[in-house]
Number of protein chains: 4
Amino acid sequence: MSEIGHNTGGIAADRLRSIVERIERLSEEKDALATDIREVYAEAKSAGLDVKVLRQLIRERRQDAAEIEERETLLEVYRRALGMLAETPLGEAAVARETRRRVA
Amino acid sequence: MSEIGHNTGGIAADRLRSIVERIERLSEEKDALATDIREVYAEAKSAGLDVKVLRQLIRERRQDAAEIEERETLLEVYRRALGMLAETPLGEAAVARETRRRVA
Amino acid sequence: MSEIGHNTGGIAADRLRSIVERIERLSEEKDALATDIREVYAEAKSAGLDVKVLRQLIRERRQDAAEIEERETLLEVYRRALGMLAETPLGEAAVARETRRRVA
Amino acid sequence: MSEIGHNTGGIAADRLRSIVERIERLSEEKDALATDIREVYAEAKSAGLDVKVLRQLIRERRQDAAEIEERETLLEVYRRALGMLAETPLGEAAVARETRRRVA
DNA sequence: ACTGAAGGCTGCCCGC
DNA sequence: GCGGGCAGCCTTCAGT
């Protein structure tokens, strides 16, 4: 309490100020991007696209991407579980087989 | 149908592709910013700040800004409701008086 | 599964029926009220009132009420953030002072 | 302007007051019902029901009801189109036949 | 009929 | 892991 500058619960006011400003700055950029996205959708609409379907499409693509990501992660887990085996041709074959099984 | 390139409901595939890519690109940037914001909050937390209160503070500041905006809009509505009256010196004085009252 | 009556995912059909009926009953009443409100606006309009301004007025009054509520909540958040301080006479004075400042 | 009481754009303040109060009263009741509905959904949830599916069910039932309503209206249109014919036994038979055809 | 806003629903993120 | 809280999306309705 006797230090130079105000403080807030033991936090220097400058630190707080910095944090608030950074958050607000980032939020503004985020909002600007949201606006941009909305504008692209508007453009799509005036080009005759069905916005609802378009959103669905984007959602599905995002989902697909996430699943690929997921598969990659899983594959890595298996690789580690199999140990160095995965580094050999035989091990790779085993991993590939397992992957096919999971996908099917 | 005999044009070059596929089309989808009369929309050129290239046009659709462009739109999808732009949306996805913008969304990625938006998500990145969301991540950044989360990180700043995490930093704030580990600096000893009460994140809930911090969020409240940010919300409040944003709200205040929005309210100023709102007041402007509101004033315009009232001005229109007062009709041409607002176009006269007397009317302007009335509007100005009302504005002061509301702001105080 | 061997109990009397059908069931749906472990839920007694009667229970489900009761829930659905209650929701539908309440929804009907809600819709009826929406209709009543619309009628009052119509009456206001044919009495020469500017409906747009009237809606704005109602919104404003609601907003004001909500803000008072909000302030109470906010105060509570701050109080908690101040911790046990608020439980002491000095702390209470500080909270009261802050409240006066915010309201003014 | 020289009447007793204030006025607002030629509308008696009492009239305005009455309208505002009625709207606010009705809105409160409407909000209360919305809360009740939310509570029933909450109850359904804690009874193990899938709220999303439940909402879908309610929506479908509402839709069905609207379609029956629609059919009734349509039937009435046909009746009128058939004129007094509908008042005779032969006409009723024709209407009944038409109705069966539509439902099938 | 279209547009723009208001309210309700859904999916996500945080805290427990 | 879950349940509550919050932001974004969708739907509906008033207005033009």
Side-chain angles (χ1 to χ4, degrees), chain A residues 23 26-27 30-31 33-42 44-46 48 50-60 62-63 66, chain B residues 23 26-27 30-31 33-42 44-46 49-56 58-60 62-63 66 69-70 73-74 77 80-81, chain C residues 23 26-27 30-31 33-42 44-45 49-56 58-60 62-63 66 70 73 77 80, chain D residues 23 27 30-46 48 50-59 62-63 66:
Chain A
I23 291 174
L26 292 167
S27 296
K30 183 157 156 277
D31 291 351
L33 284 168
T35 301
D36 290 350
I37 291 171
R38 218 179 298 127
E39 283 170 5
V40 178
Y41 274 114
K45 178 173 187 169
S46 67
D50 181 326
V51 174
K52 188 171 174 179
V53 171
L54 179 56
R55 283 185 190 277
Q56 177 69 26
L57 176 65
I58 301 280
R59 209 176 301 135
E60 277 171 22
R62 174 181 278 242
Q63 191 70 16
Chain B
I23 290 174
L26 292 167
S27 295
K30 184 159 157 276
D31 291 350
L33 283 169
T35 303
D36 290 350
I37 291 171
R38 219 180 299 126
E39 282 169 4
V40 178
Y41 274 113
K45 179 172 187 170
S46 68
L49 278 172
D50 181 325
V51 174
K52 185 171 177 175
V53 171
L54 179 57
R55 283 185 190 276
Q56 179 66 38
I58 302 279
R59 203 177 304 138
E60 217 176 315
R62 175 181 277 243
Q63 192 72 12
E69 187 80 12
E70 175 74 8
T73 306
L74 195 55
V77 169
R80 290 176 184 279
Chain C
I23 291 174
L26 292 167
S27 295
K30 184 157 157 277
D31 291 351
L33 284 168
T35 302
D36 290 351
I37 292 171
R38 220 179 296 126
E39 283 170 4
V40 177
Y41 274 113
K45 180 171 187 170
L49 278 173
D50 181 326
V51 174
K52 186 171 178 177
V53 171
L54 179 57
R55 282 184 190 278
Q56 180 65 37
I58 302 279
R59 204 179 302 138
E60 219 176 311
R62 175 183 277 243
Q63 193 71 12
E70 175 73 7
T73 306
V77 169
R80 289 176 186 281
Chain D
I23 291 174
S27 296
K30 184 158 155 276
D31 292 351
L33 283 169
T35 302
D36 290 350
I37 292 171
R38 222 180 294 126
E39 283 170 5
V40 177
Y41 275 114
E43 176 190 329
K45 179 174 186 170
S46 68
D50 182 324
V51 174
K52 189 172 173 177
V53 171
L54 179 57
R55 283 183 191 279
Q56 177 68 27
L57 176 66
I58 302 280
R59 210 177 299 135
R62 176 181 277 243
Q63 190 70 16

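Because only heavy atoms are used, hydrogens play no part in the values below, and waters and symmetry mates are left out as well, while side chains stay in. Letters A, B, ... are given to chains in the order of the sequence lines, protein chains preceding strands, and every chain is numbered from 1. Computed from a prediction, not measured in an experiment: that's the story for all the values here.
- Whole-Å rounding puts the B/Q63 CD to F/dA7 P distance at 11 Å.
- In this structure, NZ in D/K45 is found 12.5 Å from NZ in D/K52, a value given to the nearest 0.5 Å.
- As judged by a 4.0 angstrom heavy-atom cut-off over every strand, C/K45 is placed among residues making no nucleic acid contact.
- Note that NZ of C/K30 and OG1 of D/T35 are 10.0 Å apart. Values are rounded to the nearest 0.5 Å.
- Each of A/V51 and C/V51 was matched to the nucleotide of DNA chain F holding its nearest heavy atom; the match closer to the 5' end belongs to A/V51.
- Between B/R55 and B/D50, no side-chain nitrogen of the basic residue sits less than 4.0 Å from a carboxylate oxygen of the acidic one, so the salt-bridge criterion is not met.
- Among the heavy atoms of the strands lying under 4.0 Å from A/K30 are primed sugar atoms or P, OP1, OP2 only; no base atom is included.
- Both D/K52 and D/A34 lie close to DNA chain E; mapped to their nearest nucleotides by heavy-atom distance, the more 5′-ward contact belongs to D/A34.
- Atom CD1 of D/I23 is separated from atom P of F/dA14 by 12 Å (rounded to the nearest Å).
- One atom, CG of A/D31, and another, P of F/dC6, lie 18 Å apart when rounded to the nearest Å.
- First and last contacts of DNA chain E with chain B, using any nucleotide atom under 4.0 Å from a protein heavy atom and ordered 5' to 3', fall at E/dC13 to E/dG15.
- Here CD of D/E39 is found 9.5 Å from CG of C/L26. Values are rounded to the nearest 0.5 Å.
- Across the interface with DNA chain E, nearest-nucleotide mapping of C/R59 and D/I37 shows C/R59 to be the residue nearer the 5′ end.
- The side chain of A/R55 lies closest to F/dC10, out of F/dA14, F/dC10, F/dG15.
- Proximity of B/D36 to B/Y41: side-chain heavy atoms (C-beta onward) are nowhere separated by under 4.5 Å.
- Separating the OH atom of D/Y41 from the P atom of F/dG4 is a distance of 17 Å, rounded to the nearest angstrom.
- To the nearest 0.5 angstrom, D/R38 atom CZ is 15.0 Å from D/E43 atom CD.
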